[in-house]
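Heads up: the structure comes next, in structure tokens.
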Amino acid sequence: MKTILVVDDEPDVRDTVKMILEKKGYTVLTAVDGDDCLNMLHEKNPDLILLDIMMPGTPVKDVIKQIENIKIAFLSVVRTSEAEKQDLLKQKNIVDFIQKPFDVNNLIKRVEVILNEQVGN
Amino acid sequence: MSKLEIKKELDNNQAAILILHSVNYNDVIVDVAKQLSDKKTCYVTFNKTYDALKELLKVNNVDTKNIVFIDGITKNVKDSADRDDCRFIDSTIAVTELTKNISELLKHDFHYLVFDSLTNLFIYRGGGAVEYFIQTLVNNILTERNCRGVFFALKESKAYVYNPLMEIKQPDASQQVKNPLLDWSDVFTSRLSDGMTIIDMGSNGSK
């Protein structure tokens, strides 16, 4: 079964997404911020990272530069322009941009689609 | 319910805190920006990126030539150099630093400060920081610079904004998760200063 790493400084989001995805049979790891995520990647090799775009600590732009060969989907409460969203999606490993608050069924569907696609983009 | 006339509110108060519902958030921020657009305005955004905000204002025919932005988001997601009309700051900036940044900019004869939004400040830094921020900004900086302030805050609580469970459509109405509303008077534990008013905008965007 595939492994997903949920990175969010909000415990409610981490716990909820973990619970939902575990019910679908995924193995779910959690990290509290970008630095915690990078530390975890020394030992774990998830298939997908759900990464909150606004967290304390290392800016997300610097976090994603250090991640190799793992799909990343952004979770974002802030609003970007469509052009900015497309620019973000052009970056290596970035496969999706999910706006908060999100519909849970839609999240599950998008995770399924991402994990069924080939690695890399 | 009457339409918000923000300039009138600011004639009578140094600052107004507008409590908005998420459903009409964009409508109200556009309306306020439009009403203030003939005077030099400093717009601080922690809610939308500079590009997203400019795009929103443009499609709604708001003239932005008098607006200078402080963007607390973009730097987190991409490298950004300051522009003539925008200063990009670190999203994790301490409240004291943020206050200093705003204070510096307001030295340049601004009539209005718009802060979007207290909710984001509350989420990342807590109620104490919000209270400190507001009181310092209004009592010291805005008064000193003869500038009026508008502060947006979201009615729905942090849980609604962040918790995806709130979006689950329950088939059984009795299990429907209600949108929790945040009582901002709980956030401001001490009395608001004279010259500050809280305006609760209804779910239809009127006060």
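Here the structure is a predicted model, which is why all the values come from computation and not from measurement.
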query = When only heavy atoms count and the cut-off is under 4.5 Å, which of residues 66-80 of chain B reach chain A?
reply = B/Gly72, B/Ile73, B/Thr74, B/Lys75, B/Asn76, B/Val77, B/Lys78, B/Asp79
message = Please classify the contact between B/Tyr50 and chain A as side chain, backbone, both or neither, with a heavy-atom cut-off of under 4.5 Å.
response = neither
key: side-chain hydrogen bond (donor to acceptor under 3.5 Å, both in side chains) against B/Arg145, all qualifying residues, sequence neighbours excluded   = B/Ser103
remark   = With chain B, the option among A/Glu84, A/Glu82, A/Lys85 that has the most non-hydrogen atom pairs under 4.5 Å is A/Glu84
key: Nearest non-hydrogen partners of B/Ala52 and A/Thr80, listed with the distance   = CB-C, 3.4 Å
request  = Counting only heavy atoms closer than 4.5 Å, note whether A/Leu88 contacts chain B via side chain, backbone, both or neither.
outcome  = side chain
Within 6.0 Å of NZ in B/Lys58, more than 12 heavy atoms from elsewhere = no
